[in-house]
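Residue numbers begin at 1 in each chain, while the letters A, B, ... track the order of the sequences.
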There are 2 protein chains.
Amino acid sequence: MTDVSATGGRTPSRAVEQALVDAAERVLVRDGLGGLTVRAVAAEAAVAPMGVYNRFGNKDGLVAAVLARGFEGLRAATADAADADPVDRLLTCGRNYRRFALDHPQHYGAMFGAGWAAAVPTEELVDRANAAFQALVDRVGYAVDRGALRPGDPVDTAQLIWSSVHGAVSLELAGLGRTADPAASYEALLQMLLDGLR
Amino acid sequence: MTDVSATGGRTPSRAVEQALVDAAERVLVRDGLGGLTVRAVAAEAAVAPMGVYNRFGNKDGLVAAVLARGFEGLRAATADAADADPVDRLLTCGRNYRRFALDHPQHYGAMFGAGWAAAVPTEELVDRANAAFQALVDRVGYAVDRGALRPGDPVDTAQLIWSSVHGAVSLELAGLGRTADPAASYEALLQMLLDGLR
DNA sequence: ACCTTTGTAGAACACCGTTCTACGTTACTG
DNA sequence: CAGTAACGTAGAACGGTGTTCTACAAAGGT
């Protein structure tokens, strides 16, 4: 459907597509989700607003592409925890998750905030999100296999960890943290998870 | 500032204010956050759009009033756990939290979704949110005093619980749950929290 | 070389939050 | 009981949004 090269027509250069997503990311970081308008992105990419509709269908398609990149970044950030010790690997994974959210708050908010449940998610978006989640499932399985975590369905366990970690990061980003030191509270959360799932 | 009766002028009947918030809640439930427009609310309340600005300043003031009601509802839902056993009281509190979110998904999404960190929160809104959180802190303190939870700052512990519970509910509402039975996963989360904080 | 196809540009439409201006309606004042 | 000043209201209007429409220019196939 979106594969234009299959029609035999001229390749739509594909570079403009990436330029639009790049521009959208810059606008998102600079002006927040509220400032992410079709006109602003098109102007940032030096393209007519119509280009967004030619390549992404509508605004949702564009933000879906941006969100897909966000999930890819989240996957990369949490997947590069290569510690040999399974507990260390999980801890690094959890710390990288928070670091990603704090480094890219606009992305994170858009990825999990409003507008997700509303708009029907793109297939690519779902794939990226699943890949990011799978990275966590793998690390949980690694820990279970080595006896660092109690046996059980890795998916269930990963979902449980994800819930807690996402909640903590989400509340911290929203400014709803009531603790003095968010970083210390987050470490305590990770430790509690390890204790509770031991 | 908003206390009109102090000026000696005619009382703005106050009923219209509530009628507007009532209408806003109906529109929110019916059409979602995206359909919550000033015109739609005004029409639902049989009032001119200008009434919103006279009584709430702008749209954010109106949604802040709706969100304040939402936090009051959340506080009421989680505070009516009167079990004698401290563990049961915490469990009931956690279950009621999820029930509130599932019963009022639009409210919950608006309360913790985008638009919170962006708009400057009203004082009443902060008060309601703090009251809801305090209900949890009280229950944690109750459990700590009776030895059901390990000693520690009740605020830190409550924040930790809130993070996990909010994360689970938030992901479930967003449709990002990857487990077969969300209710069972939530129960497992609560149990894990009790284990980890024992 | 022609023609079809395709992306582009800019105006245009409906809707949004918000503001402005004219207009009752109400409550205080002499 | 007038007169007046303040106040909330109604409706149009402004800038901005997502989206669509219509004409136009450029590239590929025959």
- Note on the structure: Here the distance between atom C1' of D/dT9 and atom CG of B/L20, to the nearest Å, is 13 Å
- Please work out if B/L36 contacts a base, only the sugar-phosphate, or nothing of the nucleic acid, heavy-atom cut-off 4.0 Å. sugar-phosphate
- Length of the CE-C1' vector between B/M50 and D/dC7, whole Å: 11 Å
- Query: For A/T78 and A/N96, does a side-chain donor sit closer than 3.5 Å to a side-chain acceptor?
  - Reply: no
- Task: Could you work out which one of D/dT19, C/dT19, D/dT9 sits closest to the side chain of A/K59?
- Result: D/dT19
- Item | B/Y97 ring center within less than 6.0 Å of B/Y186 ring center | no
- Using atom CD of A/E17 as one end and atom P of C/dG7 as the other, report the distance to the nearest whole Å. 11 Å
- Query: For B/N54 and D/dC7, is the shortest distance between a side-chain N/O and OP1 or OP2 below 4.0 Å?
  - Reply: no
- Message: Using a strict threshold of under 4.0 Å (side-chain N to carboxylate O), is an ion pair present between B/R69 and B/E72?
- Response: no
- Query: Once you round it to whole Å, what is the distance between P of D/dT17 and CG of A/D60?
  - Reply: 16 Å
- Taking N and O atoms by type only, does the side chain of A/R39 place a donor or acceptor under 3.5 Å from a partner on the base of D/dG18? yes
- Describe, in one word, how the ring planes of B/Y108 and B/H166 are oriented to each other, choosing from parallel (under 30°), tilted (30 to 60°) and perpendicular (over 60°). tilted
- Query: Between C/dA9, D/dT9, D/dT19, which one does the side chain of A/A48 approach most closely?
  - Reply: C/dA9
- Message: From CZ of A/F56 over to P of C/dT8, roughly how many Å is that when rounded to an integer?
- Response: 12 Å
- Message: When you measure from the side-chain N and O atoms of A/R55 to the phosphate of C/dT6, is any distance below 4.0 Å, counting only OP1 and OP2?
- Response: no
- Task: Please report, rounded to the nearest Å, how far the C1' atom of D/dG15 is from the CG atom of B/N58.
- Result: 17 Å
